[in-house]
Amino acid sequence: MIMEIGAKENLTEFFSTYFHEDWDVYGTSWKDVLGHYVSEHSNNDILETANALNHLAMLLPYDADDACELIDNFGNYYYYPNDGLTARQWIRDMAGYLVNESKRIKDL
């Protein structure tokens with residue numbers, strides 16, 4: 001499975017903008033960071049990012065170090081193992097969070 005260029009660009013922008021080395025300016029957890037992301041983006045952008053994250057989760061290698069390296073190549077500095085999560089769990093949890101927020105926004 002190969003990731004489309006648009007999805008790669010989306011994820012690079014997402015991680016490097018929100019999960020950069022100073023990610024904690026947006027809060028104390030990845031959910032806080034996503035809350036900030038949601039507040040700044042359209043519902044369409046939120047769903048596109050959720051879809052790209054779901055696609056990334058399918059492409060992640062099973063080796064923890066390789067998965068971490070792949071995510072870090074997008075500009076990620078958030079250390080998800082501190083939350084007791086694997087790379088795949090974290091990426092899927094973020095995608096699910098964004099989908100739920102998208103539904104909530106749509107219902108407003």
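- Residues Y78 and W90 place their aromatic rings such that the two centres sit under 6.0 Å apart.
- Contact annotation: the side chain of T17 never approaches that of Y37 to less than 4.5 Å [non-hydrogen atoms, C-beta and beyond].
- Scanning both residues, I46 and H41, for their nearest heavy atoms gives CD1-O, 3.8 Å.
- If you take OG on S29 and CG on D24, they are separated by 11.0 Å, rounding to the nearest 0.5 Å.
- Residue M94 holds its CE atom at 10.0 Å from CG of L85, rounded to the nearest 0.5 Å.
- Judged by distance alone, the side chain of N10 and the main-chain N or O of G6 form no donor-acceptor pair under 3.5 Å.
- Between H20 and S16, the shortest heavy-atom distance links the atoms CB-O, 3.3 Å.
- Residues Y79 and V25 do not share a hydrophobic cluster, clusters being chains of Ile/Leu/Val/Met/Phe/Trp/Tyr side chains in contact below 4.5 Å.
- Rounding to the nearest 0.5 Å places CG of D32 at 11.0 Å from NE2 of H36.
- Residues F14 and F74 fail the side-chain proximity criterion, which asks for heavy atoms closer than 4.5 Å.
- Inter-residue side-chain proximity for L70 and L56 is flagged as met; some heavy-atom pair is nearer than 4.5 Å.
- Taking all atoms of both residues into account, the shortest heavy-atom contact from I91 to L53 is CG2-O, 3.0 Å.
- L11 and L59 fall within the same hydrophobic cluster, defined by Ile, Leu, Val, Met, Phe, Trp and Tyr side-chain heavy atoms under 4.5 Å apart, directly or through other members.
- Looking only at side-chain heavy atoms (C-beta outward), W23 and N76 stay at 4.5 Å or farther from each other.
- Taking the centre and axis of the six-membered ring of Y97, the NZ or CZ atom of R92 falls outside the cone set by 45° and 6.0 Å.
- Of the inter-residue distances, the one linking Y62 atom OH with T86 atom OG1 reads 10.0 Å to the nearest 0.5 angstrom.
- L60 is not connected to Y77 by any chain of hydrophobic side-chain contacts under 4.5 Å among Ile, Leu, Val, Met, Phe, Trp and Tyr, and they are in different clusters.
- Side chain of D63 to main chain of D66: a donor-acceptor pair is present (N/O by atom type, distance under 3.5 Å, no hydrogens or angles).
- Side-chain atoms of N51 and V99, non-hydrogen and from C-beta on, never get closer than 4.5 Å to each other.
- For the atom pair L98 CG and E48 CD, the distance stands at 12.0 Å (nearest 0.5 Å).
- Annotation for A87 and I71: closest pair CB-CD1, 3.5 Å, computed over non-hydrogen atoms.
- Residue E21 qualifies as enclosed at atom CD: its count of foreign heavy atoms under 6.0 Å is above 12.
- Looking at Q89 and Y80, their side chains never come closer than 4.5 Å, going by heavy atoms from C-beta outward.
- Across all their heavy atoms, A95 and A50 have their closest contact at CB-O, 3.6 Å.
- Put simply, the side chain of E101 does not reach to within 4.5 Å of the side chain of L34, judged on heavy atoms.
- To the nearest 0.5 angstrom, D93 atom CG is 9.5 Å from D83 atom CG.
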